[in-house]
Amino acid sequence: MKIVKRARWVVILAMTGVIGGSGVATAFAGTGGHDGPGRYGHGGPRVQVIADGLDNPRGVEISGGRVLVAEAGRGGDGPCLPDPEGEGEVCLGATGAVTAVVPGKRHGHGPSQRRIITGLPSLAPPGGDEALGLHDIAVGRHGLLGVIGLGADPARRAELGPGGELMAQLVRFRRSATPIADLGAFEAAENPDGGEPDTNPYSLVRDRRWTVVTDAGGNDLLAVDRRGDITVLATFPETLVPAPEFLGLPPGTEIPMQAVPTGVTKGPDGAYYVGELTGFPFVPGAAKVWRVVPGEEPTIYAEGFTNIIDLAFDRSGRLYVLEIAKEGLLSGDPTGALIRVNRDGTRNELVPGALTLPGWLDIARDGTIFVSNNTVSAGDGELLRITQ
């Protein structure tokens with residue numbers, strides 16, 4: 001049984017690879033979603049599905065009166081590659097998209113949704129679940145920005161032909177997707193963490209000086225300036241952890257667990273905060289939140305989390321940490337968790353039991369939280385609204 005180094009898509013590692021063997025239009029008309037009763041109530045925060053039918057929904061970005069959702073797509077007919085983290089193939093298709101959602105509740109209208117950008121590269125196994133594609137989006141000064149993943153040695157990208165050229169890149173959306181910085185080529189040339197070449201651009205945050213991106217494959221945090229030049233802000237270290245019993249190794253054996261940085265946000269102090277998924281064996285409670293100040297070594301801001309997938313601060317300076325699997329990716333339990341870290345260090349889990357393999361979040365000025373849910377599903381993905 002091989003020990004998988006990094007994820008083609010983070011859930012595949014646990015569910016199949018290891019234990020199984022703006023420049024955007026501002027108005028539209030559309031239908032979809034629903035605004036039914038909350039999944040969680042009784043005086044606590046309320047959860048509502050405001051968009052559904054999404055293909056592997058990922059990044060969430062509030063823009064004016066709309067919520068934009070990145071969809072990684074459902075792959076396609078090819079070209080195909082051998083699955084980097086398992087058996088079979090992953091095949092390319094132009095099925096990635098950005099969906100705009102109007103949450104509703106204005107003049108009595110319910111939510112509406114419409115794909116406003118389509119035709120983006122997507123790489124997925126047959127069936128379309130667990131796709132790699134557009135992972136995150138952010139509104140910049142000159143339009144919408146996005147990062148498109150790959151989840152493999154960057155040298156493999158050439159095998160996908162012209163349709164895969166945007167994978168492992170930071171792009172800007174205007175009339176079409178235009179590359180800004182080739183993060184895959186940077187990993188191939190520089191390989192900042194010194195491991196096997198691997199790139200999977202994952203999350204981004206737009207700042208005045210540059211755009212900051214996590215590479216979950218490369219285990220690093222990168223900054224891209226206006227010229228497209230790339231700077232390494234941080235790399236994240238491995239941790240030695242006890243080997244799981246099912247590997248059959250001698251008792252007491254330790255194996256390296258990679259950091260696998262996922263979500264990034266800018267804190268109220270101006271530093272960048274990075275959530276850690278961790279790699280195999282995904283030890284529960286071992287994920288950290290890193291604080292990164294450019295020019296300094298990263299420091300641990302908070303720890304004791306499990307499989308962090310994204311994070312964000314609210315206007316009061318409280319940190320919200322989203323866990324894709326609260327019991328750990330090897331547990332087989334798809335229940336996620338949203339944890340609020342209060343300014344005094346205490347923690348509260350919001351809407352327990354309401355999230356299923358959640359992915360990204362964004363917080364409105366009034367404290368409303370938007371979360372992508374069922375994020376490794378083609379056709380069953382959702383956007384949730386959580387009101388506190």
Side-chain angles (χ1 to χ4, degrees), residues 9 22-35 47-74 94-104 110-122 124 128-140 143-149 171-173 177 201-206 262-263 265 309-312 320 322 324 336 338 354-364 368-386:
W9 162 249
S22 98
V24 180
T26 58
F28 59 85
T31 58
H34 60 275
D35 195 21
V47 181
Q48 297 168 291
V49 179
I50 61 169
D52 54 18
L54 303 174
D55 289 336
N56 292 282
R58 306 290 161 78
V60 176
E61 176 80 350
I62 298 169
S63 178
R66 305 175 305 163
V67 183
L68 306 180
V69 184
E71 293 184 78
R74 54 172 64 232
T95 55
V98 176
T99 286
V101 181
V102 177
S112 63
Q113 67 185 81
R114 182 180 177 183
R115 288 188 173 116
I116 57 173
I117 297 172
T118 59
L120 303 177
S122 174
D129 292 344
E130 303 161 343
L132 288 152
L134 183 64
H135 284 162
D136 201 9
I137 49 178
V139 176
L144 187 67
L145 303 177
V147 284
I148 299 177
V171 301
R172 176 179 288 116
F173 299 105
Y202 204 79
S203 180
L204 78 160
V205 61
R206 181 76 183 98
T262 48
T265 192
I309 198 72
D310 200 14
L311 68 177
Y320 290 72
L322 187 63
I324 190 169
L338 178 61
L355 306 178
T356 301
L357 296 175
W360 274 255
L361 77 154
D362 200 4
I363 304 175
T368 301
I369 303 168
F370 296 91
V371 176
S372 56
N373 199 47
N374 291 332
T375 56
V376 293
S377 171
D380 292 323
E382 301 170 328
L383 177 66
L384 307 181
R385 172 171 54 194
I386 301 173

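Predicted model, so just to flag it, every value in this text is computed and none were measured.
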Quiz item: Looking at His135 and Pro201, what are the two nearest heavy atoms and their distance?
Solution: ND1-O, 2.9 Å

Practice problem: Check whether any side-chain heavy atom of Phe370 sits under 4.5 Å from a side-chain heavy atom of Ile50, and report yes or no. | Solution: yes

Quiz item: From Glu61 CD over to Arg66 CZ, what is the distance, rounded to the nearest 0.5 angstrom?
Solution: 11.0 Å

Self-check item: Nearest heavy-atom neighbours spanning Leu311 and Leu361
Solution: N-CD2, 3.7 Å

Quiz item: Under 3.5 Å, side chain of Asn56 to main-chain N/O of Ala72, donor-acceptor pair present?
Solution: no

Quiz item: Nearest heavy-atom pair of Pro358 and Ile324: which atoms, and what distance?
Solution: O-CG1, 3.3 Å

Quiz item: Do Asp52 and Gln113 have side chains that get closer than 4.5 Å, going by heavy atoms?
Solution: yes

Quiz item: Got Ile363 and Ile369 here, is their nearest side-chain heavy-atom distance under 4.5 Å?
Solution: yes

Quiz prompt | Nearest heavy-atom neighbours spanning Gly65 and Pro103 | solution = O-CD, 3.3 Å

Quiz item: Is the closest side-chain heavy-atom distance between Asp55 and Arg115 below 4.5 Å?
Solution: yes

Quiz prompt | Over all atoms of both residues, closest heavy-atom pair of Leu134 and Phe173 | solution = CD1-CZ, 4.0 Å

Quiz prompt | Side chain proximity check, Val171 to Leu120, heavy atoms < 4.5 angstrom | solution = no

Exercise. Mind checking the OG1-OH spacing from Thr265 to Tyr320? Nearest 0.5 Å is all I need.
Key: 13.0 Å

Practice problem: Answer yes or no: is there a donor N or O on one side and an acceptor on the other, between the side chain of Thr356 and the main chain of Asn374, under 3.5 Å? | Solution: no

Quiz prompt | Main-chain N/O of Leu357 paired with Thr375 side-chain donor or acceptor, under 3.5 Å | solution = yes

Self-check item: Rounded distance (nearest 0.5 Å) linking atom OH of Tyr202 with atom CG of Asp136
Solution: 9.5 Å

Quiz item: From Arg58 CZ over to Ile148 CD1, what is the distance, rounded to the nearest 0.5 angstrom?
Solution: 12.5 Å

Quiz item: Any side-chain heavy atom of Ile116 sitting closer than 4.5 Å to one from Leu68?
Solution: yes

Quiz item: Is the closest side-chain heavy-atom distance between Val371 and Asp310 below 4.5 Å?
Solution: no

Quiz item: What pair of heavy atoms forms the shortest contact from Asp129 to Ala124, and how long is it?
Solution: O-CB, 4.1 Å

Practice problem: Look only at the side chain of Ser122 and the backbone of Gly133, and say whether a donor-acceptor pair between them is shorter than 3.5 Å. | Solution: no

Practice problem: Report yes if the side chains of Pro57 and Leu383 come closer than 4.5 Å at any heavy-atom pair, otherwise no. | Solution: no

